[in-house]
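To start, the structure itself, in structure tokens.
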Amino acid sequence: MKRIFGTHRYLVSATALCALALTACGTTQADDSGPATVAKPAKGAAAAPKPGAEPGPEESAQLLGFMTFLNKVAEPCSPGLPQEPPIADEAPATAPASLPPIPDGPPSPDELNPGSYKATEEDKEAEAELEARNKCVTKAHADRVTKAVKGLKAPAQVRGSLNRSGYVDSVLKTREQPGTGTRFSLDLGSVCLTGTADGSASPSVRGHEVLDPENPCPRL
């Protein structure tokens, strides 16, 4: 069955982005003729913690704010999902009375050969629903990013505007294209956006289907 990254995965991916934001630092890629340069953190942004170090209050607040931002953008695409993550204290205090039974006998042919599984109508409907949600979330971000980079061209301007729109440096890459503008990409887990800010009122921004979570966005 086709691998789909739906909105529920999009919401879960915000947690994975926390780890990314703690270990990655936004980089500005140079053109092929020169080395990449490290982008200066946005004014007021928390400095990247050292590897293995616990995040401080400022970094934790920034990451929590980014997770909340991602969920807010995705909410209109999933009206049936809870808007706030569950609180640990509200979880049942006692463990389930019994554990799931252990299956007897050898594994089924479907387990040994996943390719032999045939999707049911229910599976197809769920897949179509997840695909529609993912397209909705991608479009929501694309519209927001297009508005943020409208009329901009310089890398510092593009990065600053995207930061103010809610996108942190750890998920953003930019690359200056002399005479053209600034190429950029946003790795949002189950959503990847790339675009070019060329100073026009209609900058080019497009979404990409994420097939490999380790490399969600194409190289700039």
Side-chain angles (χ1 to χ4, degrees), residues 5-29 38-79 81-88 133-150 152 155-175 182 184-195 197 205-208 210 213-217 220:
F5 293 81
T7 302
H8 72 289
R9 176 173 175 80
Y10 176 83
L11 298 176
V12 174
S13 71
T15 303
L17 281 171
C18 280
L20 172 64
L22 289 175
T23 57
C25 59
T27 58
T28 300
Q29 296 182 352
V38 178
K40 294 181 180 179
K43 185 177 181 181
K50 295 179 180 179
E54 291 293 329
E58 190 175 353
E59 292 88 347
S60 298
Q62 185 184 37
L63 296 173
L64 180 60
F66 184 55
M67 291 174 62
T68 302
F69 161 72
L70 292 177
N71 287 338
K72 281 289 183 184
V73 175
E75 274 176 16
C77 300
S78 304
L81 294 180
Q83 297 185 1
E84 298 294 336
I87 300 174
R133 288 176 179 173
N134 193 58
K135 287 181 178 178
C136 174
V137 173
T138 299
K139 184 180 184 304
H141 280 289
D143 290 346
R144 187 181 186 90
V145 169
T146 299
K147 183 178 180 181
V149 302
K150 180 180 178 180
L152 303 181
Q157 292 178 328
V158 172
R159 182 175 290 274
S161 182
L162 289 173
N163 287 159
R164 290 189 295 273
S165 294
Y167 301 97
V168 296
D169 275 335
S170 57
V171 301
L172 171 62
K173 291 182 180 180
T174 58
R175 181 177 187 175
T182 300
F184 62 86
S185 69
L186 286 162
D187 170 9
L188 304 178
S190 62
V191 173
C192 167
L193 294 175
T194 60
V205 179
R206 59 175 297 206
H208 301 268
V210 176
E214 297 298 323
N215 299 286
C217 287
L220 293 179

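None of these values were measured; they are calculated from a predicted model.
Residues passing the side chain to side chain donor-acceptor pair (under 3.5 Å) test with Lys139 are Asp143, sequence neighbours excluded. Taking the side chain to side chain donor-acceptor pair (under 3.5 Å) definition, one finds that Thr194 meets it with His208, sequence neighbours left out. Qualifying side-chain contact (heavy atoms from CB on, under 4.5 Å) partners for Ala140, counting only residues two or more places apart in sequence or in other chains: Val73.
With values rounded to the nearest 0.5 angstrom, Lys150 atom NZ is found 12.0 Å from Ser161 atom OG. The distance from the OG atom of Ser170 to the CG atom of Leu63 is 7.0 Å, given to the nearest 0.5 Å. Between Lys173 atom NZ and Asp187 atom CG the span is 8.0 Å, to the nearest 0.5 Å.
Under the 4.5 Å side-chain criterion, counting only non-hydrogen atoms from C-beta, His141 is not in contact with Leu186. Under the 4.5 Å side-chain criterion, counting only non-hydrogen atoms from C-beta, Val205 is not in contact with Arg144. Looking only at side-chain heavy atoms (C-beta outward), Tyr167 and Leu172 stay at 4.5 Å or farther from each other.
Using a distance-only test at 3.5 Å, with no hydrogens or angles considered, a donor-acceptor pair links the side chain of Thr146 to the main chain of Ala142. Between the side chain of Asp169 and the main chain of Val171, no donor-acceptor pair closer than 3.5 Å is present. No donor-acceptor pair under 3.5 Å is formed between the side chain of Thr138 and the backbone N or O of Val191.
Closest approach of Cys77 to Val137, counting heavy atoms only: SG-N, 3.4 Å. Across Ala197 and Val149, no two heavy atoms sit closer than the pair CB-CB, 4.1 Å. What you find for Thr174 and Arg159 is that their closest heavy atoms are OG1-NH2, 3.2 Å. Here the shortest heavy-atom pairing between Pro216 and Cys192 reads O-CB, 3.5 Å. Here the closest heavy-atom approach between residue Ala148 and residue Ser165 is recorded as CB-OG, 3.3 Å.
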